[in-house]
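FYI, the numbering just counts along the sequence from 1.
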Amino acid sequence: MTTLVKFNNLISKIKEGKIMEYGILSVIPPLVAIILALVTKQTVFSLFLGLWIGTTIISDWNPIVGFPKMISDFFIPLIGNSWNAGMIMLIVSCGGFVYLIKVSGAAKAFGDYASKRVKTRKGAQLTAYFAAFAFIFTEPTLTLGAIMRPITERLRISRVKLAYICDVMGCPFATLSPITSYSTYAIGLIATQFAMLGITDNPWTTYLKAIPYNFYAMFGMLALFFVIIFNLDIGPMYKAEKRAIETGELIGENDNPMGKYDLDEETLFKDSNITLASFVIPLLALFATLIAMILWTGKAGENGIGGAFVNSNISLSITTGFLVASIAAGIMGAKAKIFKYADIVPMFCKGVALNSDIPIILVLAWSIGSLTGVMDLKGYLINIVAHYNIAAGLMPAFLFVVGAFVGFSTGSSWGVWAIIMPISLPIAHTFGVPMELMIGASLSGGVFGDHCSPISDTTILASTAAGSDHVEHVKTQLPYSMTVGISSIVGFLVGGLISPILGLIVTAILIVAALFIFSKIAEKRNGKILGGVQ
């Protein structure tokens, strides 16, 4: 029977209600969105079209019914979801804050101050890298970008390079931290499986022991450190950095940056008295409000300080911090006579408007992820896994690959963990595969797929934080992600078949060797960077 006949038979059965699964059709919506985004560089259009195709499929292949279904079944419920609404508020408040930081002269003041102390590109990148550790209790993506952009722009670091730093120090970093919502969620999944399997080990302790085997997250961060220290730019990132260093152009000619805050600083601040206080006071307001909100929402009186960080409403805390810091930045700008007090709110709203495409992209990305749930993409992939009789020692690598594909298709690492943990932990318990290795593979697969996916909200946030073109961020980050991801596959193979420690060592060696080789190849193809890297 030909593929076309099989396809038509499948469609007929779905229409007749004879089968409930959409099977391979569930792959189409995210695949269309991802391929179109990479080819056309039109993120909104690509996500919208992928979603419409999906709603058409689940509406008996009727595009007229599928169109309003996008609004009624996806947009409205997802925007109404408290977590998603909180994320949109976070984006809105960040947009206003970043614009006020720019227009109030705070960014210029910090840039002038930092340029006297951080005088090299490497120094600026390391500052961004280590600054993330101040936010060990959350994803620092947006805050890190807002703080570091003034100095990275002064020192000619491309926007996509900053996006790469923000992205790695976001989701992968948060996965390794024991006091984030990521770890709390993962530990909850582990505890559920331990209870079902009759395992008496402490889930929290087991999670901590699994951290070294979360190969992708751990080596993603270490790879970034090596990239910064040894200037190991590869693939399209090498071209972007070469352009930035030699011409000062931080974005490509055809790029569409996510954060459009470029100002004529020379004219705007010509007769203004801007001091470092213009930056320090809003930043102190941000951190003070953030810590206070974390302690309040986490009920520090009942749970203690450590418990408050684990149980707090991070999204609400960061949003409130951005709003209070925006007020502080506005007051400092008005005091410096850059604008009037009456202009503070309009300035904030202008920053929000400049970011208006980002909530649209997020809603569309969430809708694609929700659609794959309706079409049971996860179930389709699980059936594929169950169909093949795979040796227990190969399961860490196999589940890592499956998790990566699901994460890439859905843009969600948490969804992957919810799928893979109930598979990986029983296998580890039954067949004697090291539990920590299986947990590490499960976590790594989700983070890897999420990190590569253009429809991931964390990837979108990184582009926003750096003010880079979203598709260019994905393209320039992908060679690094694939280097770490493929090396992790080998590491999980060695870890499952021989020894987890040996798998860890092999992964490290492969990543370092690959980065040095790819860096030399990029330099040979594109020529040496004029003036050096610094």
Q) CD1 of Ile24 to CD1 of Ile28: how many Å apart, nearest 0.5 Å? A)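 Answer for the CD1-CD1 pair, Ile24 versus Ile28, is 7.5 Å.
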
Q. What is the distance from atom OG1 of Thr320 to atom CG of Leu316, rounded to the nearest 0.5 Å?
A.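 Thr320 OG1 to Leu316 CG: 4.0 Å, rounded to 0.5 Å.
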
Could you check if a side-chain atom of [X] sits within less than 4.5 angstrom of a side-chain atom of [Y], using non-hydrogen atoms only?
X      : Y      : result
Met438 : Tyr213 : no
Thr483 : Ile234 : yes
Cys452 : Val474 : no
Asp450 : Phe408 : no
Leu51  : Leu47  : no
Ile211 : Met218 : no
Thr200 : Phe194 : no
Val168 : His451 : yes

Taking distance alone, no hydrogens or angles, what donor-acceptor pairs closer than 3.5 Å link side-chain atoms of residues 504-512 to residues at least two apart or in another chain?
| from | atom 1 | to | atom 2 | distance (Å) |
| --- | --- | --- | --- | --- |
| Thr507 | OG1 | Gly503 | O | 2.7 |

Donor-acceptor pair, distance only, cut-off 3.5 Å: does the side chain of [X] make one with the backbone of [Y]?
X      : Y      : value
Thr476 : Met237 : no
Asp469 : Val471 : yes
Ser26  : Tyr22  : no

Q) Hey, are Asp233 and Ser519 close enough side-chain-wise for a donor-acceptor pair under 3.5 Å? A)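 There is no such pair (donor and acceptor under 3.5 Å, judged by atom type) between the side chains of Ser519 and Asp233.
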
Q: Establish, from distance only, whether the side-chain atoms of Asp201 and Thr206 form a donor-acceptor pair under 3.5 Å.
A: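 The criterion, which ignores hydrogens and geometry beyond distance, is not satisfied for Thr206 and Asp201.
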
May I have the list of side-chain donor-acceptor pairs in residues 291-306 shorter than 3.5 Å, sequence neighbours left out?
| from | atom 1 | to | atom 2 | distance (Å) |
| --- | --- | --- | --- | --- |
| Thr297 | OG1 | Met293 | O | 2.8 |
| Thr297 | OG1 | Asn313 | N | 3.0 |
| Asn303 | ND2 | Gly298 | O | 2.7 |

Q. In a check of side chain to side chain contact (heavy atoms under 4.5 Å, CB included) between Met221 and each of Leu176, Thr175, Val484, which one passes?
A.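 Of all the options given, the one that passes is Leu176.
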
Q. Taking Ser468 as the fixed residue, which of Lys161, Gln477, Arg159 is the one that meets the side chain to side chain contact (heavy atoms under 4.5 Å, CB included) rule?
A.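 Answer after filtering Lys161, Gln477, Arg159: Arg159.
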
Q) Any ring-ring contact (aromatic ring centres under 6.0 Å, His included) pairs touching residues 471-490, not counting sequence neighbours? A)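 Sorted pair list: Tyr164-Tyr480.
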
(Q) Taking CZ in Phe226 as the centre, count heavy atoms belonging to other residues, nucleotides or ligands within less than 6.0 Å. Is the count above 12? (A)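 Open: at most 12 neighbouring heavy atoms sit under 6.0 Å from CZ of Phe226.
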
Q) With sequence neighbours excluded, what pairs up with Ser481 under the side-chain hydrogen bond (donor to acceptor under 3.5 Å, both in side chains) test? A)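 With neighbours one apart ignored, the set is Tyr216.
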
Q.
Among residues at least two apart in sequence or on other chains, which ones pass ring pair (Phe, Tyr, Trp, His ring centres under 6.0 Å) with Phe518?
A.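 With sequence neighbours excluded, Phe518 shows a ring pair (Phe, Tyr, Trp, His ring centres under 6.0 Å) to no residue whatsoever.
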
Q.
For Phe173 and Phe133, take the angle between the two ring planes, folded into 0 to 90°, and tell me which bin it lands in: parallel under 30, tilted 30 to 60, perpendicular over 60.
A.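 Answer is perpendicular, since the angle exceeds 60°.
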
Report, one line per pair, each donor and acceptor closer than 3.5 Å where one atom sits in a side chain of residues 70-80; sequence neighbours left out.
| from | atom 1 | to | atom 2 | distance (Å) |
| --- | --- | --- | --- | --- |
| Ser72 | OG | Pro68 | O | 3.3 |
| Asp73 | OD2 | Lys69 | NZ | 3.4 |

(Q) Among Phe215, Phe492, Phe405, which residue satisfies the ring pair (Phe, Tyr, Trp, His ring centres under 6.0 Å) criterion with Phe400? (A)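 So, applying the ring pair (Phe, Tyr, Trp, His ring centres under 6.0 Å) to Phe400 and each of Phe215, Phe492, Phe405, only Phe492 qualifies.
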
